[in-house]
Amino acid sequence: MNLSRTVSRAATAAALATALSAAAAHGAAAGPLTDKPSKAHGINRPADDGSWSGEGLSLNASDNAAVDHFYDRAKEAERTISPQVWAAARISGAEVIGFDHRLKSPDSLKRKVATSLKEHPGQPVNEALAEIKDSVRYTLQWPDGRYAEGVTIASKVLSAWGNDSIKWSNTWARAKGYKAINSAWREPSSHHAFEVQFHTPAGKYAQEATHKLYEEQRLPTTTPERARELQAQQDAIFAAVPVPPGADRLTAPAPVPVG
């Protein structure tokens, strides 16, 4: 396959139009934009004064309002971002995983921001929000034999569409731990950041199998000894994930020249 032809604006115009049309249909049929339910669901509540608290974390009224505004912006940006991601998936032959959970829930955002503010006393809430790249997030998946080509095509299509690559974390070469590519992009019209994870079936399975272990590991109440035990369990699961040919050498696409 000629990648340059595949990802050029002129050569992909018809394919993008078809993919965007299909994406609109997917979006209309998709479930609610909610995060996956958590064991904490229902205990995080706004107070009468506009503040928020949950799981030992809290936000004052002003910071809570800022997160709510950020969430509204994420919902609006998602309407533009999702068709582009579906276009990239369609052109690259990817399976889109977990599309119903493409928008992080307000409580998840608030826990993340509250954690950042707690760990960095005096940090402005807008600075904490600026660090969030996954308020809108997607997972694309290919079989091992098509992974490297699929990631290359999908990422170049996203770049050709005008999205700026702002993060590219390729962990396939790691001896231990998580194996995938986590990328983040900034959509040009809304300037909102979004995340796209590039997985294989085995890597995605390992991520889901280790999720509860990871969640326990990051709790402030987890002892160092327990954290090391949890990390060892995660490493053992990820050690069984095959590295697709060429996956460890994949890099972010070069910016597409304007004009």
Does [Y] offer a backbone N or O that forms a donor-acceptor pair with the side chain of [X] under 3.5 Å?
X	Y	answer
Thr115	Arg111	yes
Arg137	His101	yes
Arg102	Val136	no
Ser183	Val196	yes
Asp164	Ile166	no
Asn170	Ala247	yes
Thr152	Ala148	yes
Trp86	Val96	no

Hey, mind stepping through Arg226 and Glu229 against salt bridge (Lys or Arg N to Asp or Glu O under 4.0 Å) and telling me if it holds?
CA-CA 5 Å; Arg226 177 59 178 163; Glu229 179 183 330; 2.5 Å; yes

Residues which pass side-chain hydrogen bond (donor to acceptor under 3.5 Å, both in side chains) with Asp63, listed by chain and number, not counting sequence neighbours
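Here no residue qualifies.
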
cation_pi(Arg73, Phe70) dist<6.0 Å, angle<=45:
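Relative to the ring axis of Phe70, which defines the angle, Arg73 lies outside at least one limit.
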
State plainly whether one hydrophobic cluster holds both [X] and [Y], where clusters connect Ile, Leu, Val, Met, Phe, Trp and Tyr through side-chain heavy atoms under 4.5 angstrom apart.
X	Y	value
Val243	Val151	yes
Tyr178	Leu213	no
Tyr71	Leu57	yes

Side chain to side chain contact (heavy atoms under 4.5 Å, CB included) evaluation trace for Asn64 with Lys110:
CA-CA 7 Å; Asn64 188 39; Lys110 291 174 184 183; 2.9 Å; yes

How many angstroms lie between [atom1] in [X] and [atom2] in [Y], if you round to the nearest 0.5 Å?
X	Y	atom1	atom2	answer
Asn163	Phe194	CG	CZ	4.0 Å
Glu95	Leu140	CD	CG	10.0 Å
Gln123	Leu129	CD	CG	9.0 Å
Ser108	Leu103	OG	CG	10.0 Å
Trp168	Asn182	CH2	CG	10.0 Å
Trp161	Trp185	CH2	CH2	14.5 Å

Under 3.5 Å, is there a donor-acceptor pair between the His192 and Thr80 side chains?
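No donor-acceptor contact under 3.5 Å links the two side chains.
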
Polar side chain donor-acceptor pair, Ser51 to Asp49, under 3.5 angstrom
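A donor-acceptor contact under 3.5 Å links the two side chains.
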
Do [X] and [Y] have side chains that approach each other closer than 4.5 Å (heavy atoms only, starting at C-beta)?
X	Y	value
Asp72	Glu76	no
Glu225	Arg228	yes
Glu216	Lys212	no
Ile237	Gln233	no

Selection residues 118-135 - residue pairs positive for salt bridge (Lys or Arg N to Asp or Glu O under 4.0 Å), sequence neighbours left out:
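Applying salt bridge (Lys or Arg N to Asp or Glu O under 4.0 Å) to every pair that reaches into residues 118-135, excluding sequence neighbours, yields Lys104-Asp134, Lys112-Asp134.
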
Can the ring centres of His199 and Tyr205 be said to be less than 6.0 Å apart?
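Centroid separation for His199 and Tyr205: 6.0 Å or greater.
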
